[in-house]
Visitor: 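Can you read through this structure? Questions will come right after.
Only heavy atoms go into these numbers, but all of them, side chains included; no hydrogens, no water, no symmetry mates.
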Amino acid sequence: QVQLVESGGGLAQAGGSVRLSCAASGRTFSVTAIGWFRQAPEKARELVAAISWSGGNTYYADSVKGRFTISRGNAKNTVYLQMNRLKPEDTAVYYCVADRKLSTVVAGPGYWGQGTQVTVSS
C-alpha cells in the first residue's frame with residue numbers, strides 16, 4: 001500500500017496563490033507517477049496535474065495551464081502543486097493521487113489521499 005498525505009489547503013482570494021504538498025510513504029517503489037485531482041461541489045472529479053518521478057514528464061488540465069505548476073520536492077516522495085492566479089472556480093477538494101505510471105494516474109489512479117480543501121473567494 002501507498003499512503004498519501006496532503007497539506008497546504010486553505011482560503012485564498014481570487015488572484016492569489018496557494019501551494020499544496022503531498023508526501024508519499026509505504027510501498028512507494030511501486031509508483032512512478034503522482035498527481036492531483038480535484039472535486040468541486042456537484043461536479044465530477046477532474047485531473048489537475050500529474051508528474052512522473054523519473055523524467056519529470058508532466059500533464060496539466062487545460063483549465064490550469066499557465067497558472068498551476070506541479071513539481072517534485074528535494075525530499076524523496078514529495079510533490080508540490082503551486083497554484084497561482086487563483087479563480088473562484090478553483091474551489092474544490094484537492095486529492096493527491098499516485099500509480100505505477102503517468103498514463104494510469106491520468107486515466108484512473110489507484111492510490112488516493114484524503115484530500116485538502118481549497119477555497120477561493122471573489
Visitor: Contact between Trp112 and Arg45 at the side-chain level, heavy atoms closer than 4.5 Å - yes or no?
Guide: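 Yes, side chains in contact.
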Visitor: Of all the heavy-atom pairs spanning Thr91 and Gln117, show the shortest one and how long it is.
Guide: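 Shortest heavy-atom contact: CG2-NE2, 3.9 Å.
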Visitor: Can you tell me how far CG of Leu102 sits from OG1 of Thr58, rounded to the nearest 0.5 angstrom?
Guide: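 Output value for this atom pair is 8.0 Å.
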Visitor: Which residues pass the salt bridge (Lys or Arg N to Asp or Glu O under 4.0 Å) test with Arg19, not counting sequence neighbours?
Guide: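 Partners of Arg19 under the salt bridge (Lys or Arg N to Asp or Glu O under 4.0 Å) test: none.
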Visitor: Which atoms form the tightest heavy-atom contact between Ile34 and Cys22, and what is the distance?
Guide: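 Shortest heavy-atom separation between Ile34 and Cys22 comes out as CD1-SG, 4.0 Å.
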Visitor: In Å, rounded to the nearest 0.5 Å, how long is the span from CG of Leu4 to CH2 of Trp36?
Guide: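 Between Leu4 CG and Trp36 CH2, I get 9.0 Å after rounding to 0.5 Å.
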Visitor: Would a single hydrophobic cluster contain both Val106 and Val97, if residues Ile, Leu, Val, Met, Phe, Trp and Tyr are joined by side-chain heavy-atom contacts under 4.5 Å?
Guide: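 Yes, Val97 and Val106 fall within the same hydrophobic cluster.
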Visitor: Measuring from atom CZ of Phe68 to atom CZ of Arg85, what distance do you get when rounded to the nearest 0.5 angstrom?
Guide: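 Interatomic distance, Phe68 CZ to Arg85 CZ, rounded to 0.5 Å: 10.0 Å.
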Visitor: What are the two closest non-hydrogen atoms of Val105 and Ala98, and how far apart are they?
Guide: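 Of all heavy-atom pairs spanning Val105 and Ala98, the closest is CG2-C, 4.0 Å.
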Visitor: Taking side chain as C-beta onward, heavy atoms only, is Glu6 less than 4.5 Å from Leu20?
Guide: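 No, their side chains stay 4.5 Å or more apart.
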Visitor: How close do Tyr111 and Ser30 get, counting heavy atoms only, and between which atoms?
Guide: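 Heavy-atom minimum between the residues: OH-OG, 4.3 Å.
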Visitor: Return yes if some donor-acceptor pair links the side-chain N/O of Tyr60 with the main-chain N/O of Ile70 below 3.5 Å, else return no.
Guide: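 Indeed, once roles are kept as given, a pair shorter than 3.5 Å links the two residues.
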Visitor: Measuring from Phe37:CZ to Gln39:CD, what's the distance to the nearest 0.5 Å?
Guide: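 Nearest 0.5 Å value for the CZ-CD distance: 10.5 Å.
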Visitor: Could you tell me which non-hydrogen atom of Leu86 sits nearest to which non-hydrogen atom of Ala12, and how far apart they are?
Guide: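 Smallest heavy-atom distance, with atoms named: CD1-CB, 3.8 Å.
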Visitor: Taking all non-hydrogen atoms of both residues, which atom of Gln82 and which atom of Ser17 are closest, and how far apart?
Guide: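 Closest pair (atom of Gln82, atom of Ser17, distance): NE2-CB, 3.8 Å.
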Visitor: Rounded to the nearest 0.5 Å, how far apart are OG1 of Thr69 and CG of Leu81?
Guide: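 With rounding to 0.5 Å, OG1 (Thr69) is 8.0 Å from CG (Leu81).
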Visitor: Glu89 and Ser63: side-chain hydrogen bond (donor to acceptor under 3.5 Å, both in side chains), yes or no, with the steps?
Guide: CA-CA 10 Å; Glu89 51 263 43; Ser63 58; over 6 Å; no
Visitor: I'd like to know if Asp90 and Lys87 make a salt bridge, using a cut-off of under 4.0 Å between side-chain N and carboxylate O.
Guide: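 A salt bridge is absent here (no side-chain N lies under 4.0 Å from a carboxylate O).
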Visitor: Shared ILVMFWY cluster between Ile51 and Val2, side chains joined below 4.5 angstrom?
Guide: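 In one cluster with Ile51: Val2, yes.
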Visitor: Would you give the length of the straight line joining atom CD of Gln114 to atom SG of Cys96, rounded to the nearest 0.5 angstrom?
Guide: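 Result: 11.5 Å between the selected atoms.
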Visitor: Are Val79 and Met83 connected in the hydrophobic side-chain network, where two residues link if heavy atoms are under 4.5 Å apart?
Guide: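 Yes; tracing contacts between hydrophobic side chains, which count when under 4.5 Å, links both residues.
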